[in-house]
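So the structure is just underneath, and the comments pick up after that.
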Amino acid sequence: MTLETDLPTAAPIAPVADTAGTGVQDASRRTRRPSKPNALRSERPGVRFAAWAAVIVCGGFALLPVYWLLATSLTPRTEVFAYPPQFFPSTVSWEAYESLFTNPTLFNYLRNSIIVSVITAVLSVLVSAYMGYAFSKFRYTGRRALMYFVLSSQMFPQALLLVTLYSVFAAYGLLNTYTALVLSFTTFTLPLCVWMLKGFFDTIPDELIEAARVDGASRLRIIHSIVLPLSAPGLVAAGLFAFVRGWNDFIFALTLAGPDKQTLPPGLVNTYIGEASTAWPELMAASLVVSLPVAIAFISLQRFLVGGLTAGAVKG
Amino acid sequence: MSDRTLFQSPISRRQALAIFGIGAATATLAACAPTGTGAAGGPAATAGTGSFAPTDFKFSSWSLTEEAAAPAIKSLLSGYSGKEDVTIEEVSFPYNEYFNQLMLQVRGGQFTGAAHVDVAWLGSLAALGKLQDVSALTADRGYTESSLKAAQFEGTQYAFPWTIGAIGLVTNSEILGKAGVDAEDFPTTIDDFEAALVKLKGLGGGLIPYAASTKAAQLKDILIWMQTFGSPLVKNGTVTIGDDASVEAVAWYKGLYDQGLIAADVDRFDARSLFAQGRAALYDDAPVGRGAVTKESPDPDLASKLVPVSRPTLKAGDTPRALVWGGAIAVVSGAGAETAADFGQWATSDLDTVLADYELRGLPPVTEEALSSDVVASDVFGSTFAERITKTATSNPFWVYPQYAQIETTIAEAVQAVLIGQKSPEDAMKSAGEAAQKLIG
């Protein structure tokens, strides 16, 4: 097993653009450039109008479903399917929210979702960081084949794996446990996380690692003290991806978890979608409330997410 | 830790990978080995009537978490657990996922006990060989003959009938009256029925005369119209779809669609919503739909305007067709099965229990005693539904095949191709019949 580079340590270090927010950047590029002209603040009214119109249309397109969610949650059940549809509820009803906060089962689903998603995210990042590093920085026979083999697990239909995983977990007595959910979610998150982090590690110059080796750092020290701190945006992006995967999953959570360990997606369906009718206002209210933690997490971490996801897209 | 100690070991990477691969394959194979004990194709055991010591058991139902039905089911469970001093473990899945999840759990041996099932699923569940024959427990309990039959498969009583009814036409008498159609004297032939739909269309205002199913997911409703036109659907193991009667039925349905007497993109949920909002005059539903439409309707008096009517027939004097609908309690062999069987019998035939359940859920009971009780007999909608629709209801002949859902989907997709003009009724039904025959084998 050897490091990718065979360059002598004295070789000149090429300037690297900080495309992924790694913090590794040539000093000559640190000078702040004048910001690009902003169409929204343009002095030409036509340009400004067109820019704002585009923002409003795109924003409306993205936010209309969220508004509809909110409006339905505040609409009395007898008016949900009123014709013609009403953009604003004629009567605002808080009943759906009242019933939401008096249903202890929903809090149990919420707790399960948080536990399972957080552990999935941590486990996925932990494992995929080491795997991604091995794929990015080591050269060995079968490396590429192994990389594509890992990725190929994404090609299987979920339903196919579900039955197999169900049998395996049943045989080991893991059904209706958090372990079953975390392991199954991690099965799906690992390949993409590994590839995402490999792309990120590729942007870290090998010369930096060589320099650390020359200074006497062990390989683990290099990973823990240099590579991982520089890869924080990538780790956050991978973690968020794994978290969302665990948070949104329906069919695995339904099949592998019993009533006590069920997460929000199957829990909400179980509670509000019945044989003969659906409690739309309650379902919308619950969906809105449980989306808030994820939305807040995304908003606060979105700058890492963008940096992490685009890492490796353009090699410096 | 140096690189040397980290990466050098007596076992090479290749050997380590090989060992890991063999281990993983062995573990997976061991885990996937069948664990079931029941022999497929027949009852696992016969539930007896002898004495037994009550034990804890599991009960599964899609209604356990449903807002409308849960209080009734929970009350039932607490009633039995208090009476016998046992603990009942609740298992619940959403209705649309319930069948697949139950099949998986029963097949894998994770579920034993009492299971609330749709009568349409009995054939598939019985094929797993784990359902008990409960005929000894249904004898002399006053179940109606038709309800017992609905919970049988190939002559074996695989479940206790619980709430047996049918799917038939439900009308809004007020809207019908505005068009000059009397719900109490509803057209009895298909020609008169179509004429009534045209009158309803004439009311305007975007009214959909008949909110019939037109989405592929629910287009299996066409099967009852095919039977009305005279197609048996299956005869001696041969699928008859593609015969003159089935083609004629689909051509008639397409005619209703082209005239705007039925609407595009409607399934059962849409139909209930349209009907509840007063935008449809009639639709197909089971008794369970009554609660949904009245709760969603802005009309507080809708319940009093609901009138179930017999499905029109091809010729005057023919027997109106309706599809059996209902729930039953099956007993899955294994831990707690004896107590589960006793629970099934008690929940479905004990008069006080059944009437208490009826008052909460309003679903048709299955014993003569309960049906003739004041509570049930005084429910005008329920008794009219039973008299005009359930009385002549029959099972779907495809239900005896475990592949029935695929067969229904195949036919539904073919009918949808006709409705949108992609295929002629003749071609679509011929190919659907052939595909269905292949599935049956």
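The sequence lines fix the lettering, A, B, ..., with proteins before strands; numbering per chain opens at 1. This structure is a prediction, so every number in the text was calculated from the model and none was measured.
- Counting heavy-atom pairs closer than 4.5 Å to chain A, the top-ranked of the candidates B/Arg279, B/Glu97, B/Lys295, B/Gln105 is B/Arg279.
- Under a cut-off of 6.0 angstrom, the local environment of CD in A/Gln86 is crowded, with over 12 non-hydrogen atoms contributed by other residues, nucleotides or ligands.
- Ranked by heavy-atom pairs under 4.5 Å with chain B, the first of A/Val163, A/Thr271, A/Ile273, A/Val80 is A/Thr271.
- For B/Lys220, the NZ atom counts as loosely surrounded, since its 6.0 Å shell holds 12 or fewer non-hydrogen atoms of other residues, nucleotides or ligands.
- With respect to chain B, the highest number of heavy-atom pairs below 4.5 Å among A/Ala82, A/Pro259, A/Pro76 belongs to A/Ala82.
- Summarising the geometry, atom OG1 belonging to A/Thr255 is positioned 9.0 Å from atom CG belonging to B/Asn100; distances are rounded to the nearest 0.5 Å.
- Distance check, rounded to the nearest 0.5 Å: CG of B/Leu104 to CG of A/Leu256 gives 9.0 Å.
- Counted within 6.0 Å of CH2 on A/Trp68, heavy atoms from surrounding residues, nucleotides or ligands total more than 12; the atom is thus considered enclosed.
- Remark: A/Trp280 CH2 is loosely packed, at most 12 non-hydrogen atoms of other residues, nucleotides or ligands lying under 6.0 Å away.
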For B/Arg272 and A/Ser277, what are the C-alpha separation, side-chain angles and deciding distance, and is it a side chain to side chain contact (heavy atoms under 4.5 Å, CB included)? CA-CA 8 Å; B/Arg272 284 182 186 135; A/Ser277 64; 5.9 Å; no
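- Side chains of A/Val269 and B/Pro94 form a contact here, defined as non-hydrogen atoms less than 4.5 Å apart.
- Both the backbone and the side chain of A/Thr278 have a heavy atom closer than 4.5 Å to some heavy atom of chain B.
- With values rounded to the nearest 0.5 angstrom, A/Asn103 atom CG is found 10.0 Å from B/Thr65 atom OG1.
- Around CZ of A/Arg221, the count of heavy atoms belonging to other residues, nucleotides or ligands within 6.0 Å does not exceed 12.
- Both the backbone and the side chain of B/Phe93 come within contact range of chain A, with heavy atoms under 4.5 Å apart.
- Of all heavy-atom pairs spanning A/Leu254 and B/Gln101, the tightest one is CD2-NE2, 3.6 Å.
- Using a 4.5 Å cut-off between heavy atoms, A/Phe81 contacts chain B through both its backbone and its side chain.
- In summary, the side chains of B/Ser63 and A/Glu275 do not present any donor paired with an acceptor at a separation below 3.5 Å, with no hydrogens or angles considered.
- A pairwise comparison of heavy atoms in A/Ala170 and B/Gln110 identifies CB-NE2, 3.3 Å as the closest pair.
- Only the backbone of B/Glu90 comes within contact range of chain A, with heavy atoms under 4.5 Å apart.
- Contact annotation for B/Ser297: only backbone heavy atoms (N, CA, C, O) come within less than 4.5 Å of a heavy atom of chain A.
- Among the candidates B/Val91, B/Leu274, B/Val288, the residue making the largest number of heavy-atom pairs closer than 4.5 Å to chain A is B/Val288.
- Taking the side chain to side chain donor-acceptor pair (under 3.5 Å) definition, one finds that A/Ser291 meets it with nothing, sequence neighbours left out.
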